[in-house]
Structures are given as structure tokens and as C-alpha cells.
Amino acid sequence: MPVRATKRGAERTRFASGAAFDVVICGASFAGLAVARELRASGARVLVLDRYEIGERQTSACAAPTEWLVNLGLDRSIRQTFPSLLVHTPARTARWPLPWTFSTFDYPELCAALWEQSDASFETAKVDGRTGNVVHTDRGDVSAGLLVDALGWRRVLGTGANVQPPEAALSRGLEVHPAGRGRDLELWLDTRYISPGYGWSFPARDELRIGVGSFDPRLHVKAPTLMLAADVEAEAVRFEGNWIPHRLRPAAEDGVFFAGDSAGHCLPLTAEGIRTALYFGIACGRELAAVLDGRQTVGSALRRYGEFSASHKWQFDCMYAAQQSVRRLHGRPMDALVGLFGRRRVAHWAFRHYLEIAPPVAALPAPAAPLASVAAAA
Ligand SMILES: Cc1cc2nc3c(=O)[nH]c(=O)nc-3n(C[C@H](O)[C@H](O)[C@H](O)COP(=O)(O)OP(=O)(O)OC[C@H]3O[C@@H](n4cnc5c(N)ncnc54)[C@H](O)[C@@H]3O)c2cc1C
């Protein structure tokens with residue numbers, strides 16, 4: 001594997017004036033690394049930028065469907081695998097059997113494994129904004145014919161003013177990472193912690209990831225997170241948190257491709273955004289690859305990718321509606337619902353449909369390039 005040293009301190013020099021690339025991918029987490037992976041062997045000059053080194057900053061409980069991780073060749077990052085969810089309300093506990101499994105994984109290891117599958121170059125730089133196809137960073141400007149914003153909820157390369165909490169359509173999540181072991185992926189639907197949201201404890205071999213997410217950006221989650229950690233007798237240490245967009249935003253805008261949280265690709269009801277960041281990152285990367293090898297124009301890629309993302313709108317809208325109803329269901333309706341999903345047939349039916357929103361087959365190598373259809377669309 002080639003050594004790609006990131007720049008720190010005195011090494012953090014300015015980019016050469018007029019530095020130009022074929023593709024600049026801003027953000028080196030799930031979405032950005034997935035885009036870069038799809039451009040391997042394209043022969044293009046691809047630069048990935050992030051303010052931190054790859055894998056340095058985890059902002060997630062890092063649980064994803066196992067098949068996604070396996071199909072992407074990321075098995076070595078898996079820490080623990082779960083065939084069910086253990087769901088608590090104040091009145092009852094039910095085990096929801098899954099038709100597939102979730103795995104928790106190690107974030108630095110997963111990022112390293114994804115990065116090994118790309119042949120892009122990487123630089124640490126804070127992205128400040130964009131003018132046309134020029135990206136402004138704290139190390140100077142870089143330009144590219146193809147720009148990707150995989151920077152998360154701030155959508156730094158977008159047009160107009162940034163969305164700002166607490167008014168924006170954002171959820172918020174905070175978790176602690178104490179040492180510890182557990183057998184189950186656990187969820188709490190309990191107003192003592194949060195009404196519009198849920199609490200969780202995700203074991204990852206020798207660590208627990210315990211947190212609370214709020215669908216209402218005005219509600220603080222620190223006190224509930226501390227309460228949940230105390231209730232499960234875990235130490236409240238190593239805090240991680242972030243905002244999570246809960247509405248889709250245009251995935252192609254003003255000549256820029258957006259993937260992952262920057263396009264609102266996190267599923268609103270569950271706040272599951274890793275699988276979808278990978279899914280839309282792969283879709284974006286495949287469109288860019290078709291531009292780089294001359295099969296379509298940039299305009300065609302923007303249109304096709306924008307439409308692909310938008311074609312998922314109804315599923316995101318349904319999940320958003322369900323998210324908004326959570327706070328109204330506590331009590332008997334919630335207990336009944338949680339019990340219903342304890343039935344194998346119900347849970348399997350629902351979770352199969354849920355996985356289909358971003359199916360793991362998308363992580364497999366691209367099928368033979370649909371040259372005719374892409375060329376026709378160009
Ligand atoms: C507490 C919490 C727990 C979660 N748990 C799960 C979970 O278990 N499973 C799941 O599927 N989803 C989970 N999510 C949601 C998930 O983390 C996100 O949806 C996912 O990380 C989105 O991936 P991304 O690549 O789009 O963005 P991010 O992972 O946010 O990556 C953005 C990247 O851009 C970089 N960046 C940001 N701004 C700049 C800048 N100005 N200049 C340079 N670089 C910049 C960041 O350093 C980062 O590397 C959780 C979220 C939270 C908050």
C-alpha cells in the first residue's frame with residue numbers, strides 16, 4: 001500500500017498556486033471514501049481533502065448491515081454481529097428478530113480498509129467554501145472539473161447560506177464510549193430519555209457506544225445520555241456527537257455532487273446514515289467514472305445522479321413522517337408497536353423493505369457498464 005502521509009505542523013504548506021485535479025472529493029469519511037473507491041484505476045488525478053487524517057474522528061456508533069461491510073471487503077473492521085434488536089419501552093421489552101444482521105465496526109479500521117481500495121491522493125485541509133470549480137481551503141485553492149461535497153451536514157460547497165441548528169431540519173446525537181461488553185444491540189423508546197427520538201447501546205467487542213438521538217434539534221441530549229449511561233451502569237467517557245440532517249437535499253447543485261449527510265442521505269427515522277452514505281457515494285462515483293472515461297458529459301452525470309437520489313424521496317418522506325409521529329406514540333400505542341415487531345413475520349417483512357432502500361448489492365462491483373444507456377443520456 002502506498003504511503004500517503006498527511007500534512008501536519010510545518011509540513012502543512014500551501015497548495016501550489018493553480019493546483020488542478022480531475023476530481024476533488026471534499027470529506028474523507030463514509031461518503032467521500034466510497035466515491036474515491038469507485039474512481040480507482042480511472043487514471044484520473046483524484047484528490048481527497050479532509051480537515052482530519054483519514055479515520056481520525058469518529059462521530060457515529062458505527063453499526064451497519066453486515067452484508068454491506070462484507071460486500072465492500074471491509075470484514076476486518078467488524079467488531080460484533082447481531083441477529084436481532086432488543087427494544088425497551090418503560091412497560092415492556094421485545095426482541096425484534098432481523099432477516100439480516102447488523103455489525104458494529106471499528107471506524108479507523110473501516111476507513112483504512114476503504115482507503116486501501118482507492119488510488120487517490122489525500123491532503124489534510126479545512127474546506128472553507130467554493131467559487132465555481134475552485135475550492136477554497138486553509139491551505140489555499142484547488143480546482144477540478146468534478147467536485148464532490150462529502151463534508152457532512154454543513155454542505156460547505158453548497159449554494160446559499162448554510163443550514164444552521166436549531167432552526168434547520170436536523171436531528172442531533174450524542175454518545176459515550178466506555179469500555180465494556182454486551183450481547184445485544186439495544187434501543188430505548190422512553191420519554192425519560194427523549195420523546196422525539198431514542199436511546200441506544202451498541203456493543204463493539206470491548207467497548208459500548210451508548211447515546212441518545214433527538215429528532216428535535218432544540219432538545220439537548222447531554223443530560224439524557226448521562227442518564228442512560230448511569231441506568232446501564234456504564235461510565236460516561238469519551239463523548240462523540242454531531243448534527244444529522246433529516247431531510248433530503250438536492251444531490252446535484254450548481255455543478256457540484258453531494259453525497260452522504262451533505263445531501264441529507266441519513267435515514268430520518270433510524271438515523272442510519274453510514275449505509276446510505278456508502279450507497280449514494282458509490283452511485284456518485286460510478287457517474288463520475290463514466291465522465292472520466294468519456295462515456296458521458298458532466299451535465300449528464302449531474303442530472304442522472306440528482307435524479308437517482310431524488311428517486312428515493314418517497315422512502316425518505318415516509319421515514320420522516322414516521323419520525324415525526326414517534327413523540328405522539330408513547331404509552332400504549334408504542335408498547336403495542338414494539339410488541340408487534342417482536343413477531344418474526346412482521347419484523348422480517350419490515351426490515352427487508354428497510355434494507356431495500358439502500359440494498360447491499362449496490363456495494364458489489366459495478367455490473368458491466370451500461371454503455372448504451374449512459375451514452376444515450378449524455
Ligand atoms: C451520535 C451518532 C451516532 C450515529 N450512529 C450511527 C450508526 O450506528 N449507524 C449509522 O448508519 N449511522 C449513524 N449515525 C449517522 C452517521 O454517522 C452519518 O449519517 C454518517 O457519518 C454520514 O457520513 P458522511 O460521510 O456523509 O459524513 P461524515 O461521516 O460526517 O463525514 C464528513 C467528513 O467531512 C470532514 N469535514 C467536515 N467539515 C469539513 C471541512 N470544513 N473541511 C474539511 N473536512 C471537513 C469531517 O472531518 C468528516 O471526515 C450516527 C450519528 C451520530 C451523530
Side-chain angles (χ1 to χ4, degrees), residues 6 24-36 48-65 68-69 79 82 85 102-105 107-108 110-111 114-115 122-130 135-139 142 148-158 162 170-177 185 187 197-204 209-214 217 221-222 225 238-246 249 251 258-268 270-281 284 354 357-358:
T6 55
V24 171
I25 301 167
C26 300
S29 185
F30 306 108
L33 294 177
V35 177
V48 180
L49 295 175
D50 200 289
R51 58 187 162 172
Y52 303 118
E53 290 196 55
I54 293 172
E56 190 181 329
R57 284 290 173 110
Q58 175 177 339
T59 52
S60 155
C62 291
W68 258 95
L69 305 175
R79 289 292 170 264
F82 307 87
L85 293 172
F102 263 114
S103 289
T104 48
F105 60 84
Y107 181 71
L110 178 129
C111 291
L114 255 184
W115 182 238
F122 175 76
E123 295 285 349
T124 43
K126 179 173 171 292
V127 176
D128 294 323
R130 170 185 72 91
V135 174
H136 310 300
T137 81
D138 64 345
R139 294 180 57 197
V142 289
V148 179
D149 182 330
L151 292 166
W153 69 271
R154 282 195 182 83
R155 196 179 163 98
V156 180
L157 302 189
N162 265 337
L170 297 165
S171 298
R172 67 196 304 176
L174 180 70
E175 61 185 19
V176 291
H177 291 185
L185 274 189
L187 300 178
Y198 64 93
W200 65 86
S201 174
F202 291 179
R209 298 160 185 171
I210 299 166
V212 172
S214 168
V221 283
K222 184 160 183 191
T225 300
R238 291 187 288 277
F239 285 82
E240 318 240 38
N242 206 356
W243 297 96
I244 315 167
H246 56 218
R249 305 174 74 186
F258 298 85
D261 278 2
S262 70
H265 284 148
C266 188
L267 297 169
T270 52
E272 196 202 339
I274 296 169
R275 159 169 66 115
T276 48
L278 295 168
Y279 173 73
F280 287 103
C284 176
Y354 175 66
I357 298 171

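Ligands are counted one by one from 1 in listed order, and the atoms in each one are counted from 1 as well. Keep in mind that this is a model prediction, so the values were computed, not measured. Numbering of residues begins at 1 and proceeds along the displayed sequence.
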Show me which atoms of ligand 1 lie under 4.0 Å from any heavy atom of Gly260.
26 (O)
Does any N or O atom in Ser29 lie less than 3.5 angstrom from one in ligand 1, N or O only?
yes
Given Ala259, Gly241, Ser60, identify the one with the heavy atom nearest to atom 17 (O) of ligand 1.
Ser60
Are Phe30 and Phe280 an aromatic pair, judged by ring center distance below 6.0 Å?
no
From the candidates Pro245, Cys26, Gly152, the one that places a heavy atom nearest atom 27 (O) of ligand 1
Gly152
Show the atoms of ligand 1 that are less than 4.0 angstrom away from any heavy atom in Ala125.
42 (N), 43 (C)
For atom 42 (N) of ligand 1, what is the nearest protein heavy atom, given as residue, atom name and distance?
Val127 N, 2.8 Å
For atom 2 (C) of ligand 1, what is the nearest protein heavy atom, given as residue, atom name and distance?
Thr59 O, 3.7 Å
Of Thr124, Leu49, Asp138, Leu151, which has the heavy atom at the shortest distance from atom 45 (C) of ligand 1?
Leu151
Under 3.5 Å between some N or O of ligand 1 and some N or O of Cys62?
yes
Which residue and atom name correspond to the protein heavy atom nearest atom 5 (N) of ligand 1, and how close is it?
Ala61 N, 2.9 Å
heavy-atom search around atom 13 (C) of ligand 1 in the protein gives Ala271 O, 3.4 Å
What residue and atom, counting heavy atoms only, is the protein's closest point to atom 33 (C) of ligand 1, and at what distance?
Asp50 OD2, 3.5 Å
Note: Tyr52, heavy atoms under 4.0 Å from ligand 1, region reported as side chain
Identified side-chain contact (heavy atoms from CB on, under 4.5 Å) counterpart of Phe258 within the set Leu151, Asp149, Val148:
Asp149
Relative to ligand 1, is Cys266 under 4.0 angstrom through side chain, backbone, both or neither, heavy atoms considered?
side chain
Just going by heavy-atom distances, which of Phe202, Phe30, Trp200 is nearest to atom 20 (C) of ligand 1?
Phe30
To check your reading of the model: name the closest protein heavy atom to atom 43 (C) of ligand 1, its residue, and the distance in Å.
Arg51 N, 3.2 Å
Closest protein heavy atom (residue, atom, distance) for atom 18 (C) of ligand 1
Asp261 OD2, 3.4 Å
With heavy-atom distances below 4.0 Å as the criterion, list the atoms of ligand 1 near Gly27.
34 (O)
Backbone or side chain, does any N or O of Gly173 fall under 3.5 Å from an N or O of ligand 1?
no
To the closest 0.5 Å, what do you measure between CG (Leu33) and CZ (Phe122)?
8.5 Å
Side chain, backbone, both or neither: which part of Ile244 comes within less than 4.0 Å of ligand 1 when only heavy atoms are counted?
side chain
What are the atoms of ligand 1, with element, lying closer than 4.0 Å to any heavy atom of Ala277?
23 (O)
